[in-house]
Asks: 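For reference, the structure I am asking about is given below.
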Amino acid sequence: MNAALDKKTFRSDLLAWYRASARALPWRAKPSLYKTVVSEFMLQQTQVKTALPYFERWIRELPGFDALATAPEARVLKLWEGLGYYSRARNLHKLALAITARPEPPRAPAAWLELPGVGPYTAAAITSISFGEPVACVDGNVVRILARLTADGTVFRDSSSAAKYFTPIANALVNKAAPGDHNQAMMELGATICTRQNPSCAICPVRSSCAGARTLSPEQFPRLAAKKTEEQSVCRIWFLSTKRDAVLLHRASPSARRLAGIFELPSPADIELDEKDLTTKNAKLVAEQKRSITRYRITEKFLALTPGAPLRRRIDARIKTSAGMLQWIALSDLDKITLSGPHRRIVQKHFA
DNA sequence: AAAGCGGGGAC
DNA sequence: GTCCCAGCTTT
């Protein structure tokens, strides 16, 4: 730790800045344990701006742990549609069931760690904000601030090892009199001032504590090894019923590792088609889109399938034996099911 | 079009 | 410890 860093000065400068300039966010107005939990789940892997409309609607529809616990999972997933990483929604649902099953919610960070979807970061966020537990949240924002504050040039292999490295430092720095506000202030500082590129050091409330700000390029911290990306190409099928009033969709099983319980346009493999079934005569490329997820860059091609009678019979037989993984969904019912975000968009754009 | 963010869980 | 998850924003 930087010997020059005066913790007391840092804490009070940070807190004064936060209390004067915190953004007005819906989970900060009239805070409750439930709102804190929902917001922290939504903010895993998702930026504030994206989560905002989802949070407002969620609180309107499911205003407390009881409402969430008694809601059917399909409704929970539908409310999450478009946010991605649906295991967060399923974990949040299970967490509500666990919370309502006990006389009162736990208070200790270690107890929250046992609940589904709660890791070190989320346990620290929830318990510091709701119960004043003196534990630090360590996310990418906090790593960035601490690496700059101490001008630490360590090269980390990835963000999780960086978080582990900075956790003791972050805990030593927490303001024990106001850990919730301290943690939120760190996140706020990272999101608005101590940004990854072009940090606004000139207006930073803790500039006088920061060793990085005294270097030529504070943005060089933290030093993370470059990630390698992998190209992936996938194909999806747009296939209508004979009457052209329903589309064939694939629903991942509730225990699937990816997109559990979520509908997508089927891949050729999902309906047991191979290349020779997809001739230029019966399969036409109607759309192509690129998207990114973690280290993958995915090129997705959408083929409209208009098969002859024998192939159609084969697919019909396959649907019957698919145990609900393949379903005809009426075009008028598309709004009633949960589609993955990218497939929802492609359907609206090209097939609506 | 490419690069970056980001915590949790399964193994 | 390592890998996977299947999405958006910023540049």
Side-chain angles (χ1 to χ4, degrees), chain A residues 37 39-54 77 80-92 94-95 109 112-126 136-145 147 156-167 170 183 187 190-192 194-199 219 222-236 250-253 255-267 270 288-300 338-346:
Chain A
V37 169
S39 66
E40 288 303 335
F41 269 66
M42 285 188 176
L43 293 173
Q44 291 170 1
Q45 303 114 318
T46 302
Q47 296 184 1
V48 168
K49 194 178 146 194
T50 308
L52 231 33
Y54 287 89
L77 290 173
W80 202 271
E81 185 182 70
L83 265 182
Y85 292 108
Y86 297 88
S87 60
R88 293 182 293 169
R90 291 197 316 279
N91 283 335
L92 181 55
K94 284 186 218 150
L95 183 143
W112 278 88
L113 224 33
E114 302 300 311
L115 295 169
V118 179
Y121 167 84
T122 306
I126 292 169
C137 299
V138 187
D139 69 348
N141 289 312
V142 175
V143 164
R144 197 164 57 245
I145 293 165
F156 300 100
R157 58 180 295 281
D158 56 31
S159 56
S160 89
S161 59
K164 199 169 272 184
Y165 177 91
F166 283 110
T167 293
N183 281 329
M187 249 89 77
T192 62
C194 198
T195 48
R196 193 169 54 81
Q197 293 173 70
N198 305 315
E219 65 273 13
R223 295 180 63 187
L224 287 161
K227 282 182 188 166
K228 15 182 191 289
T229 62
E230 194 177 309
E231 295 282 348
Q232 222 176 64
S233 181
V234 297
C235 177
R236 302 293 180 175
H250 176 263
R251 182 175 191 252
S253 102
S255 58
R257 238 175 30 186
R258 304 193 294 213
L259 291 170
I262 307 294
F263 283 96
E264 286 198 305
L265 295 175
S267 70
D270 290 332
E288 188 171 331
Q289 69 179 10
K290 281 186 192 295
R291 48 193 245 246
S292 285
I293 181 74
T294 64
R295 67 193 185 89
Y296 299 100
R297 192 152 68 243
I298 302 169
T299 306
E300 207 166 17
T338 305
L339 267 175
S340 77
H343 285 198
R344 168 69 66 193
R345 276 190 298 281
I346 203 85

Asks: Within this structure, what is the CG-to-P distance between A:Asp158 and B:dC5, rounded to whole angstrom?
Replies: 12 Å
Asks: With heavy-atom distances below 4.5 Å as the criterion, would you say the side chains of A:Thr122 and A:Trp112 are in contact?
Replies: no
Asks: Using the P atom as the point on both nucleotides, what is the distance between B:dG8 and C:dT9, in whole Å?
Replies: 22 Å
Asks: From the list C:dT11, B:dG7, C:dG7, which nucleotide is the closest neighbour of the side chain of A:Thr122?
Replies: B:dG7
Asks: If you check every side-chain atom of A:Thr50, which of C:dG7, C:dT9, B:dA2 has the closest atom?
Replies: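 Between C:dG7, C:dT9, B:dA2, the one nearest the side chain of A:Thr50 would be C:dT9.
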Asks: Would you kindly give the CD-to-C1' distance between A:Gln44 and C:dC5, to the nearest whole Å?
Replies: 12 Å
Asks: Closest to the A:Lys164 side chain: C:dG1, C:dC8, B:dG6?
Replies: C:dG1
Asks: Will you find, in the side chains of A:Tyr86 and A:Glu81, an N or O donor that is under 3.5 Å from an N or O acceptor?
Replies: no
Asks: Identify the heavy atoms of A:Lys94 and A:Pro116 that sit nearest to each other, and give their distance.
Replies: CB-CG, 3.7 Å
Asks: So which nucleotide from C:dG7, B:dG8, C:dT10 ends up closest to the side chain of A:Pro120?
Replies: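 Ranking C:dG7, B:dG8, C:dT10 by closest atom to the A:Pro120 side chain puts B:dG8 first.
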Asks: On DNA chain B, compare the nucleotides closest to A:Gly140 and A:Glu231; which residue's is nearer the 5' end?
Replies: A:Glu231
Asks: Can you check the A:Ile293 CD1 to B:dA2 P distance for me, whole Å?
Replies: 17 Å
Asks: Is any side-chain heavy atom of A:Ser267 less than 4.5 Å from a side-chain heavy atom of A:His250?
Replies: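 Of all side-chain heavy-atom pairs linking A:His250 with A:Ser267, none is under 4.5 Å.
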Asks: So if I take every side-chain heavy atom of A:Tyr121 and compare against B:dG6, B:dG7, C:dG7, which nucleotide ends up nearest?
Replies: B:dG7
Asks: Considering residues at least two apart in sequence or located in another chain, which fulfil the side-chain contact (heavy atoms from CB on, under 4.5 Å) criterion with A:Ala136?
Replies: A:Ala170, A:Asn171, A:Val174, A:Asn183
Asks: Rounded to the nearest 0.5 Å, how far does CZ of A:Phe156 lie from CZ of A:Phe166?
Replies: 4.0 Å
Asks: Output yes when at least one side-chain N/O atom of A:Arg345 is less than 4.0 Å from OP1 or OP2 of C:dG7, else no.
Replies: no
Asks: Using heavy-atom distances to pick each residue's nearest nucleotide on DNA chain C, tell me which of A:Gln197 and A:Tyr54 is more 5'.
Replies: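 First, find each residue's nearest nucleotide; the 5'-ward one identifies A:Tyr54.
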Asks: A:Glu219 CD to C:dT11 P: how many Å, rounded?
Replies: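 One finds 13 Å between P of C:dT11 and CD of A:Glu219, rounded.
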Asks: For A:Thr46 and A:Arg88, work out which heavy atoms get closest and say how close.
Replies: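 Here A:Thr46 and A:Arg88 meet closest at OG1-NH1, 3.1 Å.
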Asks: Please report, rounded to the nearest Å, how far the P atom of C:dC5 is from the CD atom of A:Glu264.
Replies: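 Whole-Å distance recorded here is 12 Å.
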Asks: Looking for any heavy atom pair under 4.0 Å, which part of the strands does A:Arg344 touch: base, sugar-phosphate only, or nothing?
Replies: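 No contact at all - A:Arg344 keeps every heavy atom at 4.0 Å or more from the nucleic acid.
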Asks: Remember a base hit wins even if backbone is also touched, and classify A:Gln47 as base, sugar-phosphate or nothing at under 4.0 Å, heavy atoms.
Replies: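 Contact class for A:Gln47: sugar-phosphate only.
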Asks: Taking only the P atom of each, what is the distance from C:dT11 to B:dG6 in whole angstrom?
Replies: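 14 Å, rounded to whole Å.
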Asks: Which part of the nucleic acid, if any, lies within contact of A:Ile262, taking any heavy atom under 4.0 Å across all strands shown: a base, the sugar-phosphate backbone alone, or nothing?
Replies: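 Answer is nothing: A:Ile262 stays at 4.0 Å or more from every strand.
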Asks: From the set C:dC3, B:dA3, C:dT9, return the single nucleotide nearest to any side-chain atom of A:Arg297.
Replies: B:dA3
Asks: Expressed as a whole number of angstroms, how long is the span from A:Leu83:CG to B:dG7:P?
Replies: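 These atoms are roughly 16 Å apart.
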Asks: Please determine, for the side chain of A:Asp139, which listed nucleotide (C:dG7, B:dG7, C:dT9) has the closest atom?
Replies: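 Between C:dG7, B:dG7, C:dT9, the one nearest the side chain of A:Asp139 would be B:dG7.
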Asks: Rounded to whole Å, please give me the gap between CG in A:Asn198 and P in C:dT11.
Replies: 8 Å
Asks: For B:dG6, does either OP1 or OP2 sit under 4.0 Å from a side-chain N or O belonging to A:Thr46?
Replies: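 Checking A:Thr46 against B:dG6: no side-chain N or O falls below 4.0 Å of OP1 or OP2.
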Asks: Extract from the structure each pairing of a protein N or O with an N or O of nucleotides 9-11 of chain B at less than 3.5 Å, listing the distance.
Replies:
from: B:dG9; atom 1: OP1; to: A:Gly117; atom 2: N; distance (Å): 2.4

Asks: Would you say C:dT10 has OP1 or OP2 under 4.0 Å from some side-chain N or O of A:Arg196?
Replies: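 No, A:Arg196 has no side-chain N/O under 4.0 Å of OP1/OP2 on C:dT10.
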Asks: So does A:Lys290 get a side-chain nitrogen or oxygen closer than 4.0 Å to the phosphate oxygens (OP1/OP2) of B:dA2?
Replies: no
Asks: Starting at atom CG of A:Leu43, determine the distance to atom P of B:dG8, rounded to an integer number of angstrom.
Replies: 12 Å
Asks: Under 4.5 Å between any side-chain heavy atoms of A:Leu259 and A:Glu264, yes or no?
Replies: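 When only atoms from C-beta onward are counted, A:Glu264 and A:Leu259 do touch, with a gap below 4.5 Å.
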Asks: So if I take every side-chain heavy atom of A:Arg144 and compare against C:dT10, C:dC3, B:dG6, which nucleotide ends up nearest?
Replies: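 It is B:dG6.
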Asks: Which nucleotide in the list C:dC4, C:dT2, B:dG7 gets nearest to the side chain of A:Tyr296?
Replies: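 The closest nucleotide is C:dC4.
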Asks: If you define the side chain from C-beta out and look only at heavy atoms, does anything of A:Leu115 sit under 4.5 Å from A:Asn91?
Replies: no
